[in-house]
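Below is one structure, written out as structure tokens, with a few remarks after it.
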Number of protein chains: 2
Amino acid sequence: MPSTELHEIKADFTQGLSQISQFWGLPKSMGAIFAVLYLSPNALSLDEIVAETTFTKGAISTSVRTLARMGLVHRQTKLGDRKDYYLAEDDFYKVVRSILKGRESSEFSRAIDSVGQTLVDLQASPNQVRGADEQRGADEQRGAEWDFAENRVAEMKSFFDNLDNLVRVITALETMNQNTVQKVIGLLKK
Amino acid sequence: MPSTELHEIKADFTQGLSQISQFWGLPKSMGAIFAVLYLSPNALSLDEIVAETTFTKGAISTSVRTLARMGLVHRQTKLGDRKDYYLAEDDFYKVVRSILKGRESSEFSRAIDSVGQTLVDLQASPNQVRGADEQRGADEQRGAEWDFAENRVAEMKSFFDNLDNLVRVITALETMNQNTVQKVIGLLKK
DNA sequence: CTGTGTGTTTAGTAGCAACTAAACAAAGTA
DNA sequence: TACTTTGTTTAGTTGCTACTAAACACACAG
């Protein structure tokens with residue numbers, strides 16, 4: 001059982017990546033697919049992936065396509081061969097940047113934008129609302145609450161903008177590798 | 001409808017944070033709870049949170065506790081008052097570091113460790129297996145596949161270790177704020 | 001035009017996790 | 001002791017999504 005042992009180790013590795021995958025809210029199949037591709041020296045066809053996993057063709061088909069969209073795998077086609085072959089990306093820093101780029105289009109940035117919209121809503125009608133009601137007790141309280149909310153939302157937006165800048169710089173990098181991270185670590189330790 | 005308008009804006013904001021929350025795989029209720037606390041000038045009791053959201057007491061109870069565990073909100077108790085009061089953390093950089101710290105205990109690091117375990121499995125029995133079978137065709141192929149997998153897993157582990165170092169440095173920081181991020185951006189732009 | 005090999009789409013299923021409603025626990029008050 | 005006020009736990013429901021099985025689409029071969 002020498003060769004079976006390699007299969008067992010591969011299976012463990014595949015299961016580990018599956019768990020990581022679902023920890024990040026992604027289908028387990030995506031982790032499994034990436035695992036088998038990552039350990040395969042040559043590109044694999046869809047049916048070969050099916051053979052090495054516990055999933056059906058339909059599931060593999062959809063999952064491998066979203067993996068390709070994320071930049072985690074690459075589709076190859078050999079000429080004279082109707083099959084598609086898939087290869088794992090092995091530069092994880094590339095993957096990180098690819099994922100960060102995809103963040104724009106996602107549901108996430110739409111939600112972020114809604115925070116910005118909340119701020120302009122609060123900043124609009126600056127006195128009109130706050131001074132309209134002349135009963136001063138209620139008026140003062142409402143005004144204070146309004147100001148408080150405006151300040152808080154402004155702070156949150158500033159935080160998000162800062163993060164957005166960071167992401168933008170990262171995605172704009174020509175290259176990114178271990179050394180890049182090392183330099184950041186050095187800066188932070190100082 | 002002056003005061004209703006503030007409520008509407010708050011409602012929009014709450015919904016925005018709810019969406020962000022579920023985008024990150026967290027319950028929508030957590031985003032909603034944080035939103036109402038974040039916009040409230042004073043700490044709120046559990047029942048007050050219930051009143052300002054669409055969720056029941058049980059859901060709020062569990063969600064607000066996990067929020068507290070994550071460091072996103074803080075529990076306060078007034079003496080002579082049996083109620084618990086909750087306050088939103090407004091330093092998001094603190095929150096980020098708090099969450100990064102909690103990552104250790106999670107299912108995630110267990111999965112990461114399994115990658116490390118895969119590597120030691122592959123590095124064990126270095127020749128025993130690869131040289132055992134004397135049929136050279138099959139032997140060579142099996143050996144090459146083994147070596148390839150070992151290299152790949154080693155690369156992945158190195159990437160994870162690098163990230164882990166970065167996280168460790170961040171959590172060890174005395175302070176972290178906009179300026180910290182600005183410095184990193186400056187370094188990367190250079 | 002039929003048949004075969006490939007990938008995609010769809011209808012239905014199953015499992016999981018958030019949530020509701022209500023029972024429960026605990027601690028103070030009468 | 002019973003009653004009230006708080007928070008927690010539990011049993012059950014709902015809704016979402018990954019997945020399966022199978023139908024479908026398409027391209028090439030004979």
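Since this is a predicted model, take the numbers as computed values, not measurements. Just so it is clear: chains get the letters A, B, ... in the order the sequence lines come, proteins before strands, and each one is counted from 1.
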Residue pairs meeting salt bridge (Lys or Arg N to Asp or Glu O under 4.0 Å), one or both in residues 160-186 of chain B, sequence neighbours left out, come to Arg103(B)-Asp164(B), Lys157(B)-Asp161(B), Asp164(B)-Arg168(B)

Name every residue in residues 14-23 of chain A that has at least one heavy atom under 4.0 Å from any atom of DNA chain C, in order of residue number, or write none if there are no such residues. none

Taking protein heavy atoms under 4.0 Å as touching, what does nucleotides 8-23 of chain C look like 5' to 3' if B marks base contact, S marks sugar-phosphate-only contact and - marks none? BB--------SSBS--

Sequence neighbours left out, what pairs pass salt bridge (Lys or Arg N to Asp or Glu O under 4.0 Å) with at least one residue falling in residues 24-53 of chain B? none

What N/O pairs connect the protein and nucleotides 2-5 of chain C at under 3.5 Å? Give each pair on its own line.
from, atom 1, to, atom 2, distance (Å)
dG5(C), N3, Arg82(A), NH1, 3.4

Salt bridge (charged side-chain N to carboxylate O under 4.0 Å, His left out) partners for Lys10(B), two or more places apart: Glu145(A)

Determine yes or no for a side-chain-to-main-chain donor-acceptor pair under 3.5 angstrom, with Arg152(A) supplying the side chain and Ser40(B) the backbone. no

Quick one: list whatever passes ring-ring contact (aromatic ring centres under 6.0 Å, His included) with Phe92(A), sequence neighbours left out. Tyr38(A), Phe159(B)

Which ring-ring contact (aromatic ring centres under 6.0 Å, His included) pairs, counting each pair once, include a residue from residues 165-190 of chain B, with sequence neighbours left out? none

Tell me, please, which residues at least two apart from Ser63(A) pass side chain to side chain contact (heavy atoms under 4.5 Å, CB included). Ser29(A), Met30(A), Ile33(A)

Which whole-number value in Å describes the distance from Ile49(B) CD1 to dG7(D) C1'? 12 Å

Test salt bridge (charged side-chain N to carboxylate O under 4.0 Å, His left out) applied to Arg69(B) - qualifying residues, sequence neighbours left out: none

Sequence neighbours left out, what passes ring-ring contact (aromatic ring centres under 6.0 Å, His included) with Phe108(A)? Give chain and number order. Phe23(B), Trp24(B)

Output all residues satisfying side-chain hydrogen bond (donor to acceptor under 3.5 Å, both in side chains) with Gln178(B), sequence neighbours left out; order by chain, then residue number. none

